[in-house]
Amino acid sequence: MCSMEPTAGCSPTVPEPELYRSIQAVLPRDSDQQLTPVCFNKGMLRWTLHKKVQNNPGNSLSLVWVLIKELEKAERWDSRKCIMPLLHTLMYAIIQTAYIPDELYKRVYDFCKRLLTYPHPYCTVGLSYTRQMKTERSVPGLMYQRMLTAEQRIKNEHYPFQERVFVLADPDVFSGSLGQVLLGDIEASGASGRSLGPLDHMRCVVQHSLQAALGAERCHGQRLAQALKDVGQDVETYFQEVLATLEQIAEDGGRGEGGALRSRLQQIYSEIVGDADVEPLSSSPLCDCPLPNPEMSFHLWTEDLDIWRELAKWLRSSSVTEQFSLSQEQEDFELGESPGDLTPSDMARFSVMSNDSGIERDLPPSADLSSLSSLDSASISASWEQSKSEPDPLKLSRRGGIKMKPSVKDSMVLMQDTMEDHANLVGGGGGDGNGGWGRGRGATLQRRAGNSTMQNPFPKQQRHFTARIVAMGDDQVLGRLAKAYYFFRKREARRLFLTIKVNLQFYYIPVCRATAPTSPVKENVHQSKGNPCALGSYLSIVDPWYNSNIRSLGCMIPKLAEMQQTNPGTPKDPFVSDVISYYVRTGQQPVYFTIYFVKIIFTSAKDPVEDVFLTHLEIDFPEFRQFSASVRDKQRKSSAEVCGAVISMIYRKVTLSGRDVDKGISVRTSGAQINAVPSTQAEDLNCLTLTLNESPTKTKNTTVDSKIRTSSVKIRTLESRSFVVTLDRDCRRTFRDVQSIEVSPCLDPGYCVQKTMRSKLKLGEDKDAGLSKYMSKGLPLPINTFAGIIT
């Protein structure tokens, strides 16, 4: 892919009118929300557009010119719906363009700077790209160099950052042909990347950096490419020199260093090519160096997979210096003893009463003290190894110790992390940053989105590793991600390990499972569950470019599976991995979704269960399921038996004015739905929406609304009947024989640790003071999109 061949014979020249028509075809339209076939094809059209300009610097440069003209036209006509798609496409083309004149750099930079006067999210995206263009203009080729070095884990001494993409697929969705298509696509992309090797990537960096800085007048692309192949292993020396030169200029801020940069790179170019036959380069062709896809690992998210242990393995294999090294022993100590240790470590621990007093005279007469005293160290170690391999459930076993009290350094890192999230929440949408918890004066129900880099006084500590976690599936896989993230934060609050090393970025690609014919009863139950990809549908509404590229990908994957079954031997380009690469590289604006905590109490003597959910909670009385379906069909209510069981609800009703009111009612129902994600943009409030299965009823004293908007709720059955609770539409997270539940926004474990420390120091348990008042109380799950929320 990154062959560094000259322009001739690589890719035909595309005229500007054709590029213009291709750009117009991919722009979002008002009818795209209707899920028409044209909407689904926009992602494929965007991919085809970038393929057209690949391997031809002339095409890439023409695309940049056309895109900046279209952006300036959209600015004049105030067509803001086109700005985000055009801007992301422009920046993606700039990174891979061999050479850009300074006047074009200035034109793009001036446009991005004008976006700072626009409302959110345009100003946020504009600020990010303004900073990138300012650096890229002073140090041409720096973005390409850093991206390729980090994504391909090229060992160097000047840029220690590394990235990796972890694709987590729901096994219930990606079973059979869908899983084979996804795995084959990612493996094909990885095979093309592995076929290059580290030296090939170094050649790409040197080639692109020299061409971007010197241009066609001072650099002969074909001659440079051939010379880089001829030097063989010595290309690493030139790679280190180019990397050090560009990083040093970038570290100095690029102030007045343009001449020095070009002079030094011209010297390196002359050393590589040689001064023997230097001839005029007025019309010399440049070579294109397309970016290979980043390293990806595909995982079916089964019960046995511990994603945090996978991250730790990647850290250990990616450590390039002693400073960032990670041993197997350290990983096992920090993460626990088994992949399934994440959740049980936070559950209640039970002890077994021992009758052994520890005194020798209390031993039974049959015990032989001489044999016990004559045991040597070898036999002791052998018996210990046997006891580890064959655990006895009746004996106590000692687990690895846990450092319960974090150090001062760890506490400050965790506080810095949570304070940065708080600043993002406040700057992205206003409010108190609590995710709907404890709303007070000046709070808002507006959902938070975007990075508030302009208003953030608490920047995170720079981390050398970035893990981009891409979840693929329906709402079930997001529920599992939220649960894993909650327990990860809870464990990190006790002892920091991955937080100080890895920057986590979350992405989501909605893919629904294939529908199968079911019985009438199951069909009614299935319909009551609603949209299985509610969060993906919401992101498609608030971000049209997400709808065109990512939601459409979920609809394209089944079609790709059908095509592969029809033509199994036909070689295909890695389409899915290319779209994932585009998503993780340009989707940098998060949308924050509150994680909700639920406490489940059972009718039996079973201990209560504490869990979390992200999108949906369903309450169901199974004995009234068929009756409820018949009532909905006939639109009538008869006896109390048909209507359902009596439940009591105590909830905090939220209002737009912030004057929340605590209420309590008793109703008869066959079930209820609690949704955390709105179905339409008109109802986009960051709260829970509780809907009863039956129509609202009116009594003498109370009136039950059809939809109850609340921040927290307690539901309890008043009869001997129990109900069933299902979290995030996941049948594996179904709880039966439930008597009551308590739902509230999940508190950030980092905030809880600080509050506990203050209470121990008698500094006021109920009132936030000091740095604690800047911390985010709630725990949101940030899902990255292209623009955040466009209103």
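Here, residue 1 is the first one in the sequence, and each next residue gets the next number.
- The main-chain N or O of Ala787 is never found under 3.5 Å from a side-chain atom of Tyr546 such that the two would form a donor-acceptor pair.
- Residues Ile789 and Asp543 form no side-chain contact, since every pair of their non-hydrogen atoms from C-beta on lies 4.5 Å or further apart.
- Under the ring pair (Phe, Tyr, Trp, His ring centres under 6.0 Å) rule, Phe465 has a single partner from Phe166, Phe161, Trp314, which is Trp314.
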inquiry  = Could you walk me through whether Gln24 and Glu70 satisfy the side-chain hydrogen bond (donor to acceptor under 3.5 Å, both in side chains) test, starting with their C-alpha distance in whole Å, then the side-chain angles of each, then the deciding distance to 0.1 Å, before giving a yes or no?
reply    = CA-CA 9 Å; Gln24 293 298 319; Glu70 288 300 304; 2.9 Å; yes

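- Heavy atoms only, all atoms of each residue included: Leu265 and Leu210 are closest at O-CD2, 3.5 Å.
- Legend: salt bridge (Lys or Arg N to Asp or Glu O under 4.0 Å) pairs involving residues 82-106, not counting sequence neighbours, sorted by first then second residue: Asp102-Arg137, Lys106-Asp110.
- For Arg447 and Tyr538, the positive end sits near the middle of the six-membered ring, less than 6.0 Å away and at most 45° from its axis.
- Checking side-chain atoms of Asn293 against main-chain N and O of Ser189 turns up no donor-acceptor pair under 3.5 Å.
- Checked for salt-bridge contact, Glu18 and Arg21 miss the test: no charged N lies under 4.0 Å from a carboxylate O.
- Looking at Arg203, its side chain does come within 3.5 Å of a backbone N or O of Leu228 through a donor-acceptor pair.
- Taking CD1 from Ile790 and NE2 from His120, the interatomic distance works out to 9.5 Å, rounded to the nearest 0.5 Å.
- No donor-acceptor pair closer than 3.5 Å links the side chain of Thr785 to the backbone N or O of Pro590.
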request  = Test His464 against Gln162 for side chain to side chain contact (heavy atoms under 4.5 Å, CB included), laying out the working first.
outcome  = CA-CA 6 Å; His464 292 88; Gln162 298 185 30; over 6 Å; no

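- Contact check for Thr149 versus His201: no side-chain heavy atoms found under the 4.5 Å cut-off.
- Between Tyr109 and Glu136 there is no side-chain heavy-atom pair separated by less than 4.5 Å.
- Side chains of Arg76 and Lys73 form a contact here, defined as non-hydrogen atoms less than 4.5 Å apart.
- With Tyr92 as reference, Thr586 is the one residue of Leu87, Thr97, Thr586 to meet the side-chain contact (heavy atoms from CB on, under 4.5 Å) rule.
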request  = Kindly indicate, with the supporting measurements, whether the criterion side chain to side chain contact (heavy atoms under 4.5 Å, CB included) is fulfilled by Phe593 and Leu535.
outcome  = CA-CA 9 Å; Phe593 295 91; Leu535 193 141; 3.8 Å; yes

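- Geometrically, Arg46 engages Tyr582 in a cation-pi contact, judged by NZ or CZ lying under 6.0 Å from the ring centre and within 45° of the ring axis.
- Sparse packing is recorded around CD of Gln233, with 12 or fewer heavy atoms of other residues, nucleotides or ligands lying under 6.0 Å away.
- Taking 4.5 Å as the limit, every side-chain heavy atom of Val502 sits out of range of all side-chain heavy atoms of Thr466.
- The existence of a salt bridge linking Arg585 and Glu151 is confirmed by a sub-4.0 Å separation between a basic side-chain nitrogen and an acidic carboxylate oxygen.
- Shortest non-hydrogen contact noted between Lys52 and Ser22 is NZ-OG, 3.0 Å.
- Of all non-hydrogen atoms in Pro292 and Gln152, the two that sit nearest each other are CG-NE2, 3.8 Å.
- Contact annotation: the side chain of Glu187 never approaches that of Pro574 to less than 4.5 Å [non-hydrogen atoms, C-beta and beyond].
- The residues Glu247 and Arg146 are annotated as salt-bridged, a charged nitrogen and a carboxylate oxygen being separated by less than 4.0 angstrom.
- Expressed to the nearest 0.5 Å, how far CZ of Phe575 lies from CE of Met44 amounts to 4.0 Å.
- Atom CD1 of Ile509 and atom CG of Leu539 lie 12.0 Å apart (nearest 0.5 Å).
- Between His208 and Tyr144, the two ring planes are parallel [angle under 30°; tilted spans 30° to 60°].
- Judged by distance alone, the side chains of Arg468 and Tyr507 do bring a donor and an acceptor atom under 3.5 Å apart.
- Side-chain contact check for Lys42 and Ser552: no donor-acceptor pair (N or O, by modelled atom type) lies under 3.5 Å.
- Residues Leu86 and Leu27 have side chains in contact (heavy-atom distance under 4.5 Å, counting atoms from C-beta outward).
- Between the side chain of Ser79 and the backbone N or O of Glu75 there is no donor-acceptor pair closer than 3.5 Å.
- Using cut-offs of 30° and 60° on the angle between ring planes, the pair Trp545 and Phe786 is perpendicular.
- Using modelled atom types, one finds a donor on one side chain and an acceptor on the other under 3.5 Å when comparing Gln207 with Gln211.
- Counting only heavy atoms from C-beta outward, the side chains of Val165 and Ile469 never approach each other to under 4.5 Å.
- Annotation for Asn549 and Gly43: closest pair OD1-CA, 4.0 Å, computed over non-hydrogen atoms.
- Atom CE in Met147 sits 10.5 Å away from atom OG in Ser581 (nearest 0.5 Å).
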request  = For the pair Gln588 and Ser128, evaluate side chain to side chain contact (heavy atoms under 4.5 Å, CB included) and give the outcome as yes or no after the intermediate values.
outcome  = CA-CA 9 Å; Gln588 303 297 327; Ser128 175; 5.9 Å; no

ask   = Going through the distances and angles, do Val273 and His220 end up as a side chain to side chain contact (heavy atoms under 4.5 Å, CB included)?
value = CA-CA 9 Å; Val273 177; His220 195 293; over 6 Å; no

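- The line from CD1 of Ile268 to CG of Leu214 is 9.5 Å long, rounded to the nearest 0.5 Å.
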Between side-chain atoms of residues 238-245 and protein atoms elsewhere (two or more places apart, or another chain), which donor-acceptor pairs fall under 3.5 Å?
residue: Gln240; atom: NE2; partner: Lys155; partner atom: O; Å: 3.4
residue: Glu241; atom: OE1; partner: Arg264; partner atom: NH2; Å: 3.3
residue: Thr245; atom: OG1; partner: Glu241; partner atom: O; Å: 2.7

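- Nearest heavy-atom pair, His158 versus Asn156, reported as atom, atom and distance to 0.1 Å: N-OD1, 3.0 Å.
- Taking the six-membered ring for Trp, Tyr129 and His88 have ring centres closer than 6.0 Å.
- Looking at residues two or more places apart in sequence or on another chain, you find no salt bridge (Lys or Arg N to Asp or Glu O under 4.0 Å) involving Glu236.
- Residue Ser138 comes nearest to Leu261 through the heavy atom pair O-CD2, 3.8 Å, listed as atom of the first residue, atom of the second, then distance.
- Rounding to the nearest 0.5 Å gives a distance of 11.0 Å between NZ of Lys501 and CZ of Arg463.
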